[in-house]
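Convention: sequence-line order gives letters A, B, ...; per-chain numbering from 1. Hydrogens, waters and symmetry mates are skipped; everything else that's a heavy atom, side chains included, is used.
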Amino acid sequence: MIVASVIVDVAVMQTDRPFDYEVPDRWQEVIQPGMRVVVPFGPRHVQGFVLDVKEEAEIRKLKPIVEPMDIVPVLNEELLSLADWLTAESLCFKISALQVMLPAAMKAKYQKFIRKTREQSVQPAVESLFNNREEIPWEEATDAGKLSDIRKEVKNGTLEVIYSVKSKGRKKTVRMVKCTLSENELAEIVNIMPKNAVKQKEALLVFTGRTHHWLSLKETGISSATAKSLIEKGFLEEKQEEMYRDPLGGQHFEPDKPLMLTENQQKAIRPILDNLNAGTSGTFLLHGVTGSGKTEIYLQSISRVIEKGQEAILLVPEISLTPQMTERFKRRFGNDVAVLHSGLSTGEKYDEWRKISRKEVKVVVGARSAIFAPFENIGLIIIDEEHETSYKQEENPRYHARDVAIQRSFHYNCPVILGSATPSLESYARAKKGVYTLLSLDQRVNDRPLPTVDIVDMREELREGNRSMFSRTLFEKIKDRLEKGEQTVLFLNKRGYSSFIMCRDCGYVAGCPHCDVSMTYHRHRHQLKCHYCGYEEAAPYVCPECTSEHIRHFGTGTQKVEEELLKLLPEARIIRMDVDTTGTKGAHEKLLRKFGDKEADILLGTQMIAKGLDFPDITLVGVLSADTMLHLPDFRSSEKTFQLLTQVSGRAGRHTLPGEVVVQTYTPEHYSIQLAAEQNYESFYQQEMMMRKMGGYPPFYFLALITISHTEAIEAASAANKIVTKIKPALSSAAVILGPVASPIARINNRYRWQCLIKYKREPKLTEILKKVLEHYTKQGKSNGLIVSIDIHPYVLM
DNA sequence: AGCACGCCGACT
DNA sequence: GTCGGCGTGCTC
């Protein structure tokens with residue numbers, strides 16, 4: 001017997017192993033590892049992934065596979081073994097590892113129906129539900145309170161429950177029609193048709209001179225009713241043809257030519273090309289200051305890869321996947337590029353994925369999950385802005401795209417390029433140790449000078465009576481740019497500055513009733529929303545604690561900055577970019593285009609404007625408060641501040657006009673601010689490495705974070721204690737366990753959260769130990785409402 | 001996760 | 001006596 005071993009789509013510990021199924025004779029030539037199948041699982045049907053096809057089963061009684069969901073495997077052998085690696089590395093369920101590799105459109109959609117087995121009588125009460133339909137949704141019956149009646153009928157065999165499994169996404173199709181008649185027949189039939197069949201005659205005449213040609217129904221202009229009757233008469237034939245959705249709206253891209261590389265760029269690209277020619281794996285860290293032409297190096301390296309007949313993946317942070325970037329790749333590589341990012345609809349992502357899978361493209365440009373692009377001959381993987389934290393997925397499987405990239409490069413013996421102006425300490429340290437090859441681009445293309453940076457001490461401003469959010473220096477410079485017709489970018493570090501509601505009399509802050517966080521104020525709807533659990537409520541007009549009316553929204557949101565700016569400079573044309581103004585599809589691009597067309601003087605925004613902005617007339621960048629994230633309880637806060645300031649400063653003076661940057665801060669002496677102003681990465685690295693060494697943080701130690709949550713605080717705390725006592729003796733003496741302590745966010749969604757942080761250098765047995773912990777606490781009966789989650793190499797410690 | 005099976009309180 | 005509550009255990 002042919003047997004398939006299948007991972008089923010049930011993400012719990014108990015089912016996190018393969019189940020064997022019989023492969024029915026009719027599928028024996030079809031079913032292969034890497035395919036999705038529908039299998040019976042208990043009383044229902046679920047989606048599953050075939051891992052293996054074999055001759056013998058582990059157990060005797062096997063159920064047969066219901067049907068395959070794919071014609072060809074959706075995961076190749078390499079991706080299947082990558083899923084093994086991912087499962088082991090991130091301690092996730094196998095099914096999660098498999099699913100993360102595919103577009104959301106390929107996740108299963110489950111529906112439950114009830115159907116009458118024969119025309120036999122069912123109780124009138126049930127009969128009435130059907131209302132002449134063949135089958136009705138399960139929910140419809142249970143909502144009507146007929147559950148017990150239905151159970152009875154099912155037992156009698158007069159009703160059956162149908163479990164349907166479908167893919168979520170659909171291929172887009174067009175209706176094609178063809179005239180089956182010869183030219184002569186067509187003319188004849190038009191003649192003998194009844195006079196009143198005007199539409200049908202018209203329709204047939206469309207095919208004059210092109211019978212037996214497939215035409216899209218839409219093109220012919222024939223209505224679907226007309227088509228239907230002509231098909232019934234046998235004059236037309238129809239079919240559905242698959243087509244791709246076009247996220248770029250038919251845009252045409254003018255092809256461009258590779259640019260001449262500077263001496264600096266040539267020196268940097270040489271080792272990469274050598275490596276490509278040799279066909280060996282290896283990781284390069286391309287450290288290039290902003291504006292040093294990293295992208296051109298990417299483009300030319302990829303060109304080489306395509307020449308070799310291989311494929312390339314370029315990852316960019318979600319936020320910088322701007323039309324500008326896409327355009328550059330489309331112009332260089334034309335239709336050989338697939339683009340994958342969150343701006344696409346589920347269907348569009350599905351289409352891009354299929355283009356990749358069918359090898360219709362050579363290059364993928366995409367955000368984090370594009371690292372799983374189903375290529376089979378990868379020649380190069382590039383991660384741009386490698387320091388970006390968005391490359392780490394914060395839900396299961398908790399993977400870092402950088403690690404996946406390197407893992408895949410081992411399989412394909414291809415190089416990986418990590419590019420950044422401000423590399424993560426981890427990567428830079430590895431480059432210094434020789435684990436990665438360091439390539440430096442320390443000059444801007446055309447030797448444009450870096451912008452001058454002014455650090456303004458906001459405490460000083462306050463002391464001198466300036467209570468506005470603009471320092472005098474910044475304000476003067478903005479005014480100056482307005483007069484000269486040059487552009488300004490104002491950057492607000494929104495994290496730590498979310499607008500919340502506070503009572504000025506008693507200090508009450510509106511918090512989420514289910515989580516220990518303050519809620520964010522949304523002005524347009526006068527609503528408060530919790531970003532952790534999604535809870536929403538109307539914002540109060542009086543303080544619920546002291547009934548004072550002096551309750552208002554606090555913190556400097558972009559809206560507030562805009563208001564104040566308009567008060568001070570009424571003539572300024574401002575574009576505000578934040579979650580509120582970029583919510584709709586394409587809004588992001590539209591606003592940027594507007595700014596690029598000089599329809600505004602000032603661009604005001606959050607993180608999202610820190611990257612990729614490249615307009616010639618930006619000569620001033622203002623950072624309204626540089627240190628908001630500096631005081632977060634996060635060992636990476638200095639690094640993030642340095643990166644952000646460097647990044648933002650890079651927006652100014654990229655072309656002929658020189659740029660200026662004003663950085664406002666309450667802690668001007670902080671090294672991350674000072675050194676960002678000097679654009680001195682090397683010194684920052686040295687200084688920050690010292691801090692990390694003292695604190696015992698990466699890159700000197702690895703981290704693993706265990707979070708334990710329960711609806712009762714005591715339960716969470718005691719379980720956390722137990723876990724620590726269990727783990728401690730199993731680790732070497734070099735490992736450090738911090739905690740257990742209550743999480744910085746002590747409660748989310750009414751669950752109390754405790755955590756412990758493990759710092760370690762070399763613990764070969766760690767994942768095994770942690771897996772045991774997970775297994776222990778997910779065993780039913782033992783878990784008793786406890787949820788344990790483990791994040792290896794965490795980025796968010798809350 | 002679902003779902004069935006099974007064993008105890010309030011109803012026709 | 002039965003309906004239905006949710007504890008326990010299984011799914012090839």
Test item: A/Ser743 side-chain N/O and A/Ala746 main-chain N/O as donor-acceptor pair under 3.5 Å: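 No.
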Give a yes or no on whether the backbone of A/Asn721 and the side-chain of A/Thr725 come within a donor-acceptor separation of less than 3.5 Å.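 The answer is yes, because a donor-acceptor pair under 3.5 Å joins these two groups.
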Starting at [atom1] of [X] and ending at [atom2] of [N], how long is that distance when rounded to a whole Å?
X: A/Leu62; N: C/dT11; atom1: CG; atom2: P; result: 12 Å
X: A/His45; N: B/dC3; atom1: NE2; atom2: C1'; result: 14 Å
X: A/Gln99; N: B/dA1; atom1: CD; atom2: C1'; result: 13 Å
X: A/Lys63; N: C/dC10; atom1: NZ; atom2: C1'; result: 11 Å
X: A/Leu147; N: B/dA4; atom1: CG; atom2: C1'; result: 13 Å
X: A/Phe93; N: C/dT11; atom1: CZ; atom2: P; result: 18 Å
X: A/Tyr110; N: B/dG2; atom1: OH; atom2: P; result: 9 Å
X: A/Asn396; N: B/dA1; atom1: CG; atom2: P; result: 13 Å

Heavy atoms under 4.0 Å, any strand shown: does [X] hit a base, just sugar-phosphate, or nothing?
X: A/Tyr163; answer: sugar-phosphate
X: A/Pro40; answer: sugar-phosphate
X: A/Phe41; answer: base
X: A/Arg151; answer: nothing
X: A/Lys152; answer: nothing

C/dC12 phosphate, OP1 or OP2, under 4.0 Å from A/Lys61 side-chain N/O: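 No, outside the criterion.
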A/Lys112 side chain near B/dC3 phosphate (N/O to OP1/OP2, under 4.0 Å):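 Yes.
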Is there a donor N/O on one and an acceptor N/O on the other, under 3.5 Å, for the side chain of A/Arg44 and the base of B/dA1?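 Indeed there is one.
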Start with the C-alpha gap between A/Tyr752 and A/His710, add the side-chain angles, then the distance that decides, and say whether ring pair (Phe, Tyr, Trp, His ring centres under 6.0 Å) holds. CA-CA 5 Å; A/Tyr752 291 88; A/His710 196 277; 9.3 Å; no
Taking only Lys NZ, Arg NE, NH1 and NH2, and the carboxylate oxygens of Asp or Glu, determine whether A/Asp20 and A/Lys63 approach each other closer than 4.0 Å.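 A/Lys63 and A/Asp20: not salt-bridged.
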May I ask you to say whether A/Glu352 pairs ionically with A/Lys355, meaning some side-chain N is under 4.0 Å from a carboxylate O?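 Here A/Glu352 pairs with A/Lys355 in a salt bridge, since their nearest N and O are under 4.0 Å apart.
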Per-nucleotide pairing state of DNA chain C [Watson-Crick or G-U, under 3.5 Å; [ ] pseudoknot-crossing; | other strand]: |||||||||||.
Quick check for you: among B/dA1, B/dC3, C/dC12, whose closest atom lies nearest to any side-chain atom of A/Gln14?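 Nearest to the side-chain atoms of A/Gln14, counting from C-beta on, is B/dA1.
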Which one, C/dT11, B/dC3, C/dC12, comes nearest to the side chain of A/Asp20?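 Out of C/dT11, B/dC3, C/dC12, the nucleotide with an atom closest to A/Asp20's side chain is C/dC12.
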Does the gap between the ring centers of A/His45 and A/Tyr110 come in under 6.0 Å?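 No, too far apart.
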Are A/Phe19 and A/Phe41 near enough that their ring centres are under 6.0 Å apart?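 Ring-ring flag for A/Phe19/A/Phe41: true, centres closer than 6.0 Å.
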Using 30° and 60° as the class boundaries, would you call the ring planes of A/His793 and A/Phe702 parallel, tilted or perpendicular?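 Tilted.
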